[in-house]
Amino acid sequence: MLVAFLGYALLVTLKHLLKRSASEYSPAQALKRRSELYSVDIVLPTVEGREIWLRRVTKREHDQEKLLQQLRVELPERLEPIQILKCSADSAIA
């Protein structure tokens with residue numbers, strides 16, 4: 001019940017933010033356009049056997065940029081990469 005209420009509260013908040021900024025998007029449309037933004041990890045192996053991890057956000061289209069401005073959301077160009085630690089095959093070590 002709590003999760004449903006929180007989801008509803010977030011949806012109503014998004015609706016009011018869009019209305020306040022005179023956006024032409026409905027909350028459903030705004031969520032759909034926002035869901036089309038991705039972050040990508042680029043892993044580059046080096047000669048020494050190490051890996052260089054770079055995390056980038058996909059390029060935003062004009063209407064996505066407009067929506068983010070209306071919601072007053074700023075996305076960074078670069079994000080800190082999250083390295084995935086490799087687990088040991090032996091569960092006693094992991």
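Residue indices begin at 1 and follow the sequence shown.
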TODO: Could you work out the complete set of other residues in the hydrophobic cluster of Tyr8, with links drawn between I, L, V, M, F, W and Y side chains under 4.5 Å apart?
DONE: Val12
Task: Heavy-atom side-chain proximity of Val43 to Leu54 below 4.5 angstrom - done: no
Open item on the list: Would the distance check show the side chain of Thr58 and the main-chain N or O of Tyr38 forming a donor-acceptor pair, the cut-off being under 3.5 Å?
Closed with: yes
Task: Cluster check Leu10, Val3: I/L/V/M/F/W/Y, side chain < 4.5 angstrom - done: no
Task: Check: Asp63 and Arg33 side chains under 4.5 Å, non-hydrogen atoms - done: yes
Task: CG-CG distance between Leu6 and Leu11, expressed to the nearest 0.5 angstrom - done: 12.5 Å
- [ ] Please answer whether the main-chain N or O of Ser26 pairs with a side-chain N or O of Gln29 as donor and acceptor at a distance below 3.5 Å.
- [x] yes
- [ ] Flag the pair Arg50 / Val47 as yes when at least one side-chain heavy-atom distance between them is below 4.5 Å, and no otherwise.
- [x] no
Show the atom names and distances, to 0.1 Å, of all donor-acceptor pairs under 3.5 Å that link a side chain in residues 17-24 to residues at least two apart or in another chain.
| unit_1 | atom_1 | unit_2 | atom_2 | d |
| --- | --- | --- | --- | --- |
| Ser21 | OG | Leu17 | O | 3.2 |
| Ser21 | OG | Leu18 | O | 3.2 |
| Ser23 | OG | Tyr25 | N | 3.1 |
| Ser23 | OG | Gln70 | OE1 | 2.7 |
| Glu24 | OE2 | Lys66 | NZ | 3.4 |

Task: From Ile52 atom CD1 to Ile42 atom CD1, the distance as rounded to the nearest 0.5 Å - done: 11.5 Å
Task: Exceeds 12 heavy-atom contacts within 6.0 angstrom, atom CD of Glu36 - done: yes
TODO: Nearest 0.5 Å please: distance from the CD atom of Glu51 over to the CG atom of Asp41.
DONE: 11.0 Å
TODO: Check whether any side-chain heavy atom of Leu14 lies under 4.5 Å from a side-chain heavy atom of Leu71, and answer yes or no.
DONE: yes
TODO: Could you check if a side-chain atom of Leu68 sits within less than 4.5 angstrom of a side-chain atom of Glu74, using non-hydrogen atoms only?
DONE: no
TODO: Any chance you could measure His62, atom NE2, to Glu65, atom CD, to the nearest 0.5 Å?
DONE: 9.0 Å
